[in-house]
Amino acid sequence: MKLYLPTYQAISLIDAPKIHTDVLWDLTLLFVGIALVYFVAIFFFRNKISGNTAKKNALKTKLSPMISEFIFYDETGTKEEKSLYINLKVKVRNMLKDDFKRRTISEILLELRKDVSGAAQKKLFELFQDLELHQDSYKKLESWRWEVISSGIQELTRMEVEEAYSFLTKFINDKRTTIRKQAEIAVVTLNSEGIGYFLDSTRHKISEWQQLKLIEVLSNKTDFIPPSFKAWLVSKNKYVVLFALRLIKYYDQNNAGSSIVELVKHRDNQIKQEAIDCIKAFHLTVALPTLKKVFWSCSTEIKITILDAIANLGTPEDVPFLKSIKKKERNYSVTSKALGAINAIIPESVLPTEGILSINDVDIPEDLPVEEPTTQELDQFEEASEEIPQTKELERLENEVGISDSKSKDDVKTESVHVNAVEVEFSSDFLPLVTPTADTAVQEPRETNPSINDLDVVYEAAYEKYVPDAQETELADPNSLDVIIDLEFLPLVVPSKTSESKDPIDIEVNFELVQPISKEINHTVELKVEEIIVIYDVLIPTAAELENALKAIEVDFEKVTPTNVEISFELEDELSQYIDFEIVFNNGEPPLRIPKVENNEVFDFDVSLNNVEEDLEIDRETESPAFTPSVELPSWLLDEIANENQELTASSELVMEGEEWEAKQSQMIDLIQGYIEKLPAVPRQDELADTIQLLDDIELFGDEREIPLLQELMEKEDKAQTKKRIDGLMKRFVGTDTYGGGLENGTTYSVFEELFRNCDTESKLILLDEIVMIGDEKEAAFLEQLLDDPISEISTKAAKALKLLNQRLERIASGIESKDADEYERFINMMDLNPPKQIKEPSYFQIDFELNREEENSKIRQRTKYRKGFGSYFSQFMAKLIKNTNFF
Amino acid sequence: METNTQRTKLLLAEDDAMLASLLKFRLEKEGYEVVLCIDGKEMKEELQRALPDVIISDIMMPYFSGIELVDYVRNDLGSKVPIIIISSAGNEQNVLSAFDLGANDFLSKPVSPSELVVRLQREMSKA
């Protein structure tokens with residue numbers, strides 16, 4: 001080491017250290033260097049931090065609209081909104097791959113959480129979990145650094161990740177205070193049962209501040225049902241007991257009286273104080289003896305608290321205790337409080353004594369008369385003073401009993417020996433109705449009944465139940481107790497109607513105006529038709545009445561299209577002789593003809609057959625008089641006729657039985673059958689009804705897809721009316737009159753026309769291929785329309801397709817080609833179209849079954865050569881080894 | 001809803017960029033034309049330029065507080081434009097001052113955007 005010698009002389013009195021100047025220079029350079037490094041480092045880190053902040057802010061600015069979009073995304077929005085939302089989601093998910101951006105998004109959400117509430121906040125929570133940002137918080141829980149763990153817990157709590165509850169419970173007894181406190185708040189926040197778990201399991205101190213925070217968390221929780229906190233009053237952790245007492249007071253759980261009173265004896269002053277506060281809050285008078293006992297062993301602070309409680313709950317009986325405190329207690333605060341308590345219990349009982357001057361020695365002018373209190377007045381005053389405790393007690397009792405009328409206080413005094421609080425509840429149902437004479441009822445109402453004092457009464461304390469009104473007070477017997485006594489047990493006394501009975505007009509009737517509720521008025525009863533019981537008389541009409549009645553019958557048929565065409569014909573004479581009426585049904589059944597009872601006249605009647613095109617006139621001359629009945633009459637008709645005959649026979653006096661009747665009947669049946677056979681072929685009613693029903697349904701529920709069906713119906717249908725209707729429906733479904741015009745022009749409707757309206761260009765091009773393949777003249781006309789299509793691709797392809805379709809139709813017309821020929825490939829080739837690409841099957845479908853086993857195995861080996869892992873190679877190696885060594 | 005509020009010009013003064021952005025987005029979705037100011041100075045300039053149909057302002061802002069804004073609008077500009085104040089919880093005194101000076105309504109943070117929209121509509125209907 002180089003030795004530096006001093007380069008200066010020490011002249012001064014102070015002996016400065018001898019340091020070589022080079023060393024000083026070296027040191028100077030060293031410190032300058034360090035300073036430079038320091039400043040460079042500061043500059044570097046500052047720049048880095050500010051750069052990061054700026055970057056983060058820029059990112060936040062960029063991301064905030066996206067986040068807003070997420071939060072206010074409406075699921076019922078338009079297609080564009082949904083598309084935008086999905087795109088944003090994809091974008092954000094991509095951003096999440098970058099750690100910096102991920103952290104920034106997380107920060108944004110956490111920042112927004114404190115600024116927004118309501119539905120937006122809930123969306124925020126959902127978004128946080130949806131983007132799996134809570135996973136980052138979970139990772140933080142695994143850190144060894146307390147601040148990282150704490151921030152992780154805080155994030156999970158703030159974003160209300162409920163599933164994190166079980167992860168966080170383990171931190172409740174963490175040795176690090178910050179983590180523990182975070183965990184406590186988290187556990188209570190995330191689960192409604194968390195408070196119970198926390199009180200059960202915590203072994204550490206719960207600070208006052210923490211208790212307040214926990215109570216705040218609980219009070220902010222919606223739908224939180226507090227458990228019964230008295231369960232934790234027996235905890236070994238005194239902080240838990242203390243917190244439980246506070247929670248009991250906060251939630252007004254006054255069901256833990258005994259435990260609270262017991263806790264007054266606790267050695268911990270905090271618990272004692274809290275227990276006394278609870279006693280005061282819940283007005284636990286049973287605690288007074290305990291308080292008095294505990295008093296002497298307590299600290300001054302607790303003594304004052306106890307005295308405060310006694311002042312609130314105490315009775316005059318406690319005054320001696322308070323006076324004894326005044327005598328025995330040395331602490332001024334305690335004695336003052338005791339005197340205050342006495343005055344609180346008995347106001348003005350302790351008068352000021354300190355600094356009060358005596359007025360006996362005061363010289364009073366002789367001319368001024370001095371009023372000395374008389375002996376009687378002093379006695380009264382003393383009596384009043386002595387009565388104070390009694391009066392106080394009485395007032396308390398009055399409060400308990402609910403006595404309001406001063407008139408009956410004396411009565412209560414006598415009764416209060418036995419009755420502390422009175423409420424009598426009786427049921428008067430079992431008592432007989434007594435009707436006394438008028439005299440006894442008016443003059444001596446109480447003598448008719450047993451005295452109330454004779455009854456064994458079970459008394460219960462009742463508060464705030466009886467509020468006598470003026471009327472009741474007046475009516476009450478002044479001699480009876482004006483207390484809560486339900487006098488319903490007394491018999492109902494009904495005065496006999498004597499001369500003293502009042503005129504009913506003079507009787508005051510108290511009634512309530514009952515207004516009917518509209519709901520009741522509008523109440524309707526649903527009746528089922530089958531449940532209606534109809535009471536009717538059986539009337540047997542005469543023949544004339546029946547005839548009129550039958551004529552008057554109007555039969556309404558549903559789903560029948562009215563037509564203007566009616567069939568009018570006359571029945572042959574022979575038939576008309578026997579048939580009176582005919583009822584036509586539209587359900588396919590033959591018409592019902594009522595036989596004539598009296599053949600006095602022939603009725604001309606019209607038979608209305610629905611949906612019959614032409615008027616049919618039955619020419620009697622063309623009829624063959626002789627015919628062979630081939631159709632049996634329906635049984636229902638025969639029964640009907642028979643019934644009618646029976647009834648008519650009963651009503652009219654005609655005798656329709658015997659050989660004559662049978663002969664007539666058989667003749668009539670024959671005639672009817674013959675007539676039915678001779679009727680022209682009328683379209684079947686059920687077919688017509690079906691068609692009409694179908695058209696009705698199509699009209700109601702159909703759309704353009706029904707056009708082919710309608711077209712088919714149109715081809716089959718030969719009735720102008722139905723055709724007109726079908727045409728109308730088709731026009732409606734097509735939405736334009738193009739089709740109608742087409743019909744008029746002799747062209748027909750193409751099913752492709754409708755398809756073209758609802759598809760895109762690509763689909764249209766595909767449809768054009770289909771037209772070429774399966775189309776006919778209708779499609780040719782349609783293709784001609786497409787030649788003017790604004791989209792050049794379609795018009796060009798339509799021209800090609802039209803050409804090919806015409807060629808095909810020509811070939812079909814000449815019989816060269818079948819109409820149903822499947823020549824897809826050929827047409828596609830002619831159209832210069834690429835056939836759809838064959839779906840490339842996965843390699844495992846490309847199995848050549850022609851190969852022998854060896855080739856197959858070798859191919860499979862080749863294919864799988866590069867796909868196998870170590871296991872496969874190992875198994876192959878073993879197989880080879882076994883094979884080569886002929887192990888087996 | 002959108003048609004009713006389509007032309008309503010709204011001045012939003014909020015220094016918290018994230019919250020401002022969120023509220024702006026929501027109000028624009030409701031059809032309002034939102035002018036955003038991030039501090040009091042900017043807001044004052046905007047008010048001098050043109051008066052909006054309604055003002056929403058945070059109480060605590062740099063340069064120019066929400067209370068000063070209410071005073072400025074009511075006394076200096078003499079305008080009766082509806083003003084809704086956004087205040088942090090427990091800032092009762094400031095809110096009362098704002099009401100004394102003529103604020104129409106107030107919202108406490110954390111703000112529910114839906115509630116803000118409802119209050120806004122109510123104020124607009126009164127106006």
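Atom set for the values below is all heavy atoms of this structure, side chains included, hydrogens, waters and symmetry mates excluded. Per chain, numbering begins at 1; letters A, B, ... match sequence-line order.
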Engineer: To the nearest 0.5 Å, what is the distance between CG (B:L22) and CG (A:L112)?
Structural biologist: 5.5 Å
Engineer: Rounded to the nearest 0.5 Å, how far apart are CD of B:E115 and OG of A:S117?
Structural biologist: 6.5 Å
Engineer: In this structure, are over 12 heavy atoms from other groups packed under 6.0 Å from A:E147 atom CD?
Structural biologist: yes
Engineer: Using 0.5 Å steps for rounding, measure from the CZ atom of B:F25 to the CD1 atom of A:I71.
Structural biologist: 9.5 Å
Engineer: Can you establish whether the number of heavy atoms outside B:Y63 located under 6.0 Å from its atom OH is more than 12?
Structural biologist: no
Engineer: Quick check on A:I42: does its CD1 atom have over 12 non-hydrogen neighbours (other residues, nucleotides or ligands) under 6.0 Å away?
Structural biologist: yes
Engineer: From A:D115 CG over to B:S112 OG, what is the distance, rounded to the nearest 0.5 angstrom?
Structural biologist: 13.0 Å
Engineer: More than 12 heavy atoms of other residues, nucleotides or ligands under 6.0 Å from NZ of B:K126: yes or no?
Structural biologist: yes
Engineer: A side-chain contact here means heavy atoms from C-beta on lying under 4.5 Å apart; do B:D16 and A:K114 qualify?
Structural biologist: yes
Engineer: Could you tell me whether A:E193 atom CD has more than 12 heavy atoms of other residues or ligands within 6.0 Å of it?
Structural biologist: no
Engineer: Is the backbone of B:M18 close enough, under 3.5 Å, to the side chain of A:K60 for a donor and an acceptor to pair up by distance?
Structural biologist: no
Engineer: May I ask you to check whether over 12 heavy atoms, not counting those of B:M60, lie within 6.0 Å of atom CE?
Structural biologist: no
Engineer: Between CZ of A:F72 and CD of B:E28, what distance do you get to the nearest 0.5 Å?
Structural biologist: 11.5 Å
